Amino acid sequence: MSNNFLSSLNDSQKNAAQHIDGSLLILAGAGSGKTKTITTRLAYLISIGIDPASILTLTFTNKAATEMRDRAYSLIDPSMVNTPPLLCTFHKFGLLLLKFYMSELDRKNNFIIIDTDDKKRILKSIDKDLPLPLLTSEISKYKNSILSPTEAKAAAQLKLYQQIADVYEKYENYLQKNNLVDFDDLLLLPYKILCKNEKLANELSEKYKYIMVDEYQDTNELQYKLLRKLCSTHNNLCVVGDDDQSIYGWRGATIRNILNFTEHFENTKVVKLEENYRSTTTILNHANQLIEHNRDRLGKTLIGTRVDGNSVKVYESSDENEETRKIVEDVKKLLLSGEKASDIAILFRVNALSRSLEEGFNKAGLSYKLVGGMKFYERAEIKDLIAYFRILTNNNDNFSLKRIINKPKRGIGKTTIDKLDAKSIETKKPIFQLLEELEPDELSQVVGKKNSRTLKVFMASVMDLKETLEESKMRFLDSFEDTFDYRSSYDNAPDGFDRQANIDEFYGYIRDYFIQHPHLGLEDFLNEIALESENSEFSDDMVSMMSIHASKGLEYKHLFIIGLEEGFFPIIGDGSDIEEERRLGYVAITRAMDNLTMSFVHSRFYKGKRASLSKSRFLSESGLIKGSLTIEKNSTYKKGDLVKHKIFGMGRVQKAVKAGKDYKLTINFSGQRRDILSSFIEKM
DNA sequence: GAGTCAGCGGTTTTT
DNA sequence: CCGCTGACTC
């Protein structure tokens, strides 16, 4: 094996890559060669004789896992490696553990993974009055804080939260009964198993002696605890992340994991990767200025390695049409000058802002791709097929059965389903079993004669299909269509063409899977795709449009960020976190390599109304425009407000006394107290 | 049970 | 403005 893979690293990168034992925190700024560093470390560990099977690398997305695997394998001489190191997403790792050790929780390992949509449907069926977004997020929070329904109930003070805890309990029972597992369970259940069986926990910890985690700033409480268990015998945990790029707080990630890493794990070595190889120094300069306004950070400044450029522009437009016109013009010029469309991207904080852009691009005849729309597996027709396949592998899956019991339409409506549900609860048997076991006249008593006949015919087809599946999984797909005519049910639908194309693609995909994995069955396929979001191919040469969240990890030579207006970016109001908004701004700016254009408008048409807007504070904070003019001068101040002074920098208000139009403020500037009039202060 | 229409609410997204 | 939900009719 060649060891010269280290030679292309800079000193800090090398320092991190050659670290062997003990905990390591790599603070990797945007564009600082993060992936290169940890893939090199992986190769390095193997090159010095550490058993690849003892190295575990965890990522968040399949995309990151694939990219890392590719890059790591290109560094390793495959002939040296017997077992490749395990490199996968957190959830995939959880799934593997559950497949092996589910019995520790007295559950069978033929469970089915449900997605967010399934979860919502189940919750809705348990309680249709409580607001669904609250329910889903609260239950997720409970699970991520390892709170059982009983504990959640005990902790609930308000009636609302008692109700939520109640639904949580029913939801958990439902999952257990149907042997379903949600995404949170893929982390929670392994954790429970490791808590329950200490011997096993130690064995696993011994097995995975070297653990690496990517994007550590996006881990949640549960992931941290799981990691703790896994490192309990060695403390060889290497995490990579950037506290300034933590943008998933709203879905449970806790930035504290990375901020407190050195306290969580003893004798941590910290390596900062601050050299940025991506952007011009001008761009970096503005990114740095912006993020400086945050308080909760470890503190790190990106150092440019590229030349300074005249590379940042601000566009001011009266409305979104003018904004679009300017961008379309710029994009046209870039393309004419020979730039590749795939080197150009437009980012926005809110997906709704893509509309006027899309119109403008269409009018101008420019092709574009909108990243992150409806996912393949979220399409109704695909979900229907998955539901069909699920009931074939898991008879307990009432939920999937109900989804397809009337698809294609066979005259079974809500009332009938309700009756079956009631009977299912009464007899404590899954609907599938009822339909199978009850004699036709018994079933008639539940749902009526006509429905009974329909359902019996339906069941006979399902059972036939099950048999075919056992005999030959390849023949099964044809039999499926022959029996249920699912594809042809879209023959005359208005959007039938697209849907049938999706169905064909899906069938093709399954066939391919069966060919690739002759020893694996339908059940394996289902669990595989549950964790998979399609990686849209980046081969098309088109201009990309996407949310800032979707842009994470990507880079573009020419970047436009639109919608820099208060309310759109940053979003303000409850549930929004200004520091996280600012990190989003930082992520957005640091996607740009050569040219960056930031755009704001005076008014925008949104939610059916035209709203007048003021420019984003981020424009002044990043030093792109002279600020203060648009900052509200007569706003009120109170204790705890974050403020900024031209000379003294950022501080927090300790006391505010009204003095005429102004306030007299006592401000704490990093330990230094000063009294300053509010007219000299910018509110953050 | 299936199709139609008013009314409501509408950050960010991966697994 | 646009898409989804739920009440209402055939």
Side-chain angles (χ1 to χ4, degrees), chain A residues 58-65 88-95 113-120 124 128-129 131-133 136-137 140 143-144 181-188 214-215 218-220 222-223 246-253 320 347-356 359 371-375 377-378 380 405-406 408-418 447-448 450-451 454 527-535 546-553 563 567-577 580-581 583-585 587-588 604-611:
Chain A
L58 297 172
T59 65
F60 273 82
T61 62
N62 289 301
K63 201 173 122 200
C88 63
T89 63
F90 262 102
H91 294 263
K92 180 71 180 264
F93 179 69
L95 170 63
I113 302 167
I114 57 165
D115 68 13
T116 324
D117 192 55
D118 301 331
K119 177 178 173 182
K120 284 182 186 157
K124 189 101 197 185
K128 58 183 174 53
D129 297 324
L132 204 50
T136 42
S137 73
S140 199
K143 290 197 173 194
N144 285 309
V181 154
D182 69 12
F183 286 134
D184 296 320
D185 287 336
L186 288 175
L187 304 172
L188 177 61
D214 187 28
E215 306 276 20
D218 290 332
T219 46
N220 63 28
L222 181 54
Q223 283 161 329
S246 163
I247 56 174
Y248 286 104
W250 52 274
R251 74 172 202 221
E320 68 277 8
L347 306 186
F348 30 76
R349 174 69 179 84
V350 180
N351 279 318
L353 297 199
S354 72
R355 181 162 286 161
S356 67
E359 269 172 35
V371 180
M374 175 73 115
K375 304 277 178 351
Y377 293 114
E378 287 165 9
I405 201 163
N406 196 33
K409 288 195 174 55
R410 46 177 80 87
I412 307 295
K414 195 178 175 304
T415 324
T416 308
I417 293 175
D418 285 347
V447 297
K450 187 162 146 272
N451 286 335
T454 313
N527 277 336
E528 185 84 21
I529 59 170
L531 294 181
E532 196 178 287
S533 64
E534 86 255 52
N535 349 332
M546 70 189 96
S547 72
I548 297 168
H549 282 93
S551 76
K552 192 165 172 207
F568 279 100
F569 192 22
I571 286 168
I572 31 195
D574 57 7
S576 81
D577 169 353
E580 184 152 316
E581 295 293 315
R583 291 192 290 270
L584 270 165
V587 168
R604 224 175 252 290
F605 199 68
Y606 183 62
K607 291 189 185 175
K609 288 194 294 264
R610 180 157 293 284

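Quick caveat, the model's predicted, so the values are computed rather than measured. Chain letters run A, B, ... following the sequence lines, proteins first and then strands; every chain starts at 1.
Distance, A:Phe90 CZ to B:dT15 C1': 12 Å, rounded to whole Å. Computed from coordinates, the A:Phe348 CZ to B:dT12 P distance equals 10 Å when rounded to whole Å. Rounded to whole angstrom, the span from the OH atom of A:Tyr377 across to the P atom of B:dT14 amounts to 15 Å. Atom-to-atom, CG of A:Asn220 to P of B:dT15 comes out at 14 Å; the value is rounded to the nearest Å. In this structure, the CG atom of A:Asp184 is 14 Å from the C1' atom of B:dT13, given to the nearest Å. For the pair A:His549 NE2 and B:dT12 C1', the computed distance is 4 Å after rounding to whole Å. Rounding to whole angstrom units, CG of residue A:Leu186 and P of B:dT14 are separated by 17 Å. A:Arg251 places its CZ atom 10 Å from the C1' atom of B:dT12, with the value rounded to the nearest Å.
Nucleotides of DNA chain C with any atom under 4.0 Å from a heavy atom of chain A span, from 5' to 3', C:dC1 to C:dG6.
With sequence neighbours excluded, the residues forming a side-chain contact (heavy atoms from CB on, under 4.5 Å) with A:Pro131 are A:Pro133, A:Leu134, listed by chain and number. Among residues two or more places apart in sequence or in another chain, the salt bridge (Lys or Arg N to Asp or Glu O under 4.0 Å) test is passed with A:Glu215 by A:Lys34, A:Lys552. Taking the side-chain hydrogen bond (donor to acceptor under 3.5 Å, both in side chains) definition, one finds that A:Glu320 meets it with A:Arg610, sequence neighbours left out.
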So which protein N/O to nucleotides 5-10 of chain B N/O distances come out below 3.5 Å?
none

Please tabulate the protein-to-nucleotide N/O contacts below 3.5 Å involving nucleotides 2-4 of chain B, giving atom names and distances.
unit_1	atom_1	unit_2	atom_2	d
B:dA2	OP2	A:Asn406	ND2	3.1

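At least one side-chain nitrogen or oxygen of A:Asn62 sits closer than 4.0 Å to the OP1 or OP2 atom of B:dT15. Using a 4.0 Å cut-off, some side-chain N or O of A:Asn351 falls inside it from OP1 or OP2 of B:dT13. Between A:Thr416 and B:dG1, a side-chain N or O to OP1/OP2 separation shorter than 4.0 Å is present.
Base engagement by A:Ser576 is indicated by at least one non-hydrogen atom pair under 4.0 Å involving a base atom. A:Glu581 comes within 4.0 angstrom of a base, heavy atoms only. As judged by a 4.0 angstrom heavy-atom cut-off over every strand, A:Thr116 is placed among the base-contacting residues. Backbone-only contact: A:Lys124 has heavy atoms under 4.0 Å from sugar-phosphate atoms and none from a base. Residue-level contact check: A:Arg349 touches the bases, meaning some heavy atom is under 4.0 Å from a base atom.
In this structure, A:Arg604 fails the cation-pi test against A:Tyr606, since its NZ or CZ atom is not both closer than 6.0 Å to the six-membered ring centre and inside 45 degrees of the ring normal.
Centre separation under 5.5 Å together with a plane angle under 30° holds for the ring of A:Trp250 and the six-membered base ring of B:dT12, marking them as stacked.
Aromatic pair A:Phe60/A:His91: centroids not less than 6.0 angstrom apart.
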